[in-house]
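Quick notes on the structure that follows.
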Amino acid sequence: MTTLIEKNITAANTFSDSFRFDGDFNFSVRGTLTAGTTVTVQRSIDDATWADVDTFTSISENVGYEPELLFYRAGCKTAEFAGGDNITIRFGAKWMTLT
């Protein structure tokens with residue numbers, strides 16, 4: 001697997017860059033998450049309108065499968081980040097060249 005997105009989250013209303021992929025992928029949440037912090041994973045068809053697909057409130061390693069070529073991103077929404085947290089989120093998948 002190749003790292004597609006990695007982002008350090010240290011404040012509310014902060015999201016990773018988006019990346020478009022399909023097939024098998026992994027997603028990890030590392031660092032420190034205290035009570036009140038939620039990491040939200042979102043996906044989009046057009047890289048502009050985002051839908052929440054999952055949330056995480058603890059450190060985790062996850063795998064998934066996306067059958068379509070869609071955009072993904074992750075981060076902490078406003079009011080879903082507790083001060084002092086230091087979170088690193090990561091998406092990984094097979095490397096592909098998009099045309």
Side-chain angles (χ1 to χ4, degrees):
M1 295 264 172
T2 299
T3 298
L4 303 177
I5 300 169
E6 189 166 273
K7 175 77 174 181
N8 185 253
I9 307 291
T10 58
N13 200 29
T14 304
F15 279 83
S16 67
D17 293 336
S18 62
F19 194 87
R20 196 172 179 199
F21 63 90
D22 66 347
D24 296 317
F25 68 93
N26 58 48
F27 173 73
S28 65
V29 179
R30 294 181 248 151
T32 56
L33 275 80
T34 56
T37 296
T38 301
V39 174
T40 301
V41 177
Q42 299 178 324
R43 76 175 164 202
S44 173
I45 294 170
D46 60 5
D47 201 23
T49 305
W50 294 95
D52 296 351
V53 294
D54 212 342
T55 58
F56 299 88
T57 57
S58 62
I59 303 304
S60 63
E61 296 287 335
N62 312 278
V63 295
Y65 178 77
E66 175 54 62
E68 296 183 71
L69 188 59
L70 295 176
F71 294 94
Y72 274 79
R73 71 179 188 177
C76 292
K77 295 180 178 182
T78 301
E80 292 187 354
F81 183 85
D85 285 344
N86 187 354
I87 304 162
T88 300
I89 55 154
R90 179 189 176 281
F91 284 97
K94 65 180 180 183
W95 181 257
M96 64 176 64
T97 302
L98 302 175
T99 57

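- Other residues, nucleotides and ligands contribute over 12 non-hydrogen atoms within 6.0 Å of the CD1 atom of I59.
- Listed by chain and residue number, F27 satisfy the ring pair (Phe, Tyr, Trp, His ring centres under 6.0 Å) test with F56 (two or more places apart in sequence, or in another chain).
- What you find for A93 and F25 is that their closest heavy atoms are CB-CB, 4.1 Å.
- No side-chain heavy atom of E61 sits under 4.5 Å from any side-chain heavy atom of N26.
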Stepwise side chain to side chain contact (heavy atoms under 4.5 Å, CB included) test for E6 and T88: CA-CA 7 Å; E6 189 166 273; T88 300; 3.8 Å; yes
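- Residues satisfying the side chain to side chain donor-acceptor pair (under 3.5 Å) test with T38, not counting sequence neighbours, are none.
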Under 3.5 Å, which donor-acceptor pairs do the side chains of residues 67-87 form with other protein atoms, sequence neighbours left out?
residue	atom	partner	partner atom	Å
Y72	OH	R43	NH1	3.3
Y72	OH	E66	OE1	2.5
R73	NE	Q42	OE1	2.7
R73	NH2	Q42	OE1	2.9
K77	NZ	D52	OD1	3.4
K77	NZ	D52	OD2	2.4
D85	OD1	T34	N	3.2
D85	OD1	T34	OG1	3.0
D85	OD2	T34	N	3.3
D85	OD2	T34	OG1	3.3
D85	OD2	T37	OG1	2.3
N86	OD1	N8	ND2	2.7

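- Residues forming a side chain to side chain donor-acceptor pair (under 3.5 Å) with N62 (at least two apart in sequence, or on another chain): S60.
- Heavy atoms only, all atoms of each residue included: D47 and S44 are closest at N-OG, 2.8 Å.
- Residues satisfying the side chain to side chain contact (heavy atoms under 4.5 Å, CB included) test with I5, not counting sequence neighbours, are S16, F19, F91.
- T14 is linked by a side chain to side chain donor-acceptor pair (under 3.5 Å) to nothing, counting only residues two or more places apart in sequence or in another chain.
- Considering only heavy atoms from C-beta on, I9 stays 4.5 Å or farther from V39 through its side chain.
- Under a hydrophobic-cluster definition in which Ile, Leu, Val, Met, Phe, Trp and Tyr are linked whenever side-chain heavy atoms come within less than 4.5 Å, directly or via other members, V63 and V53 are assigned to different clusters.
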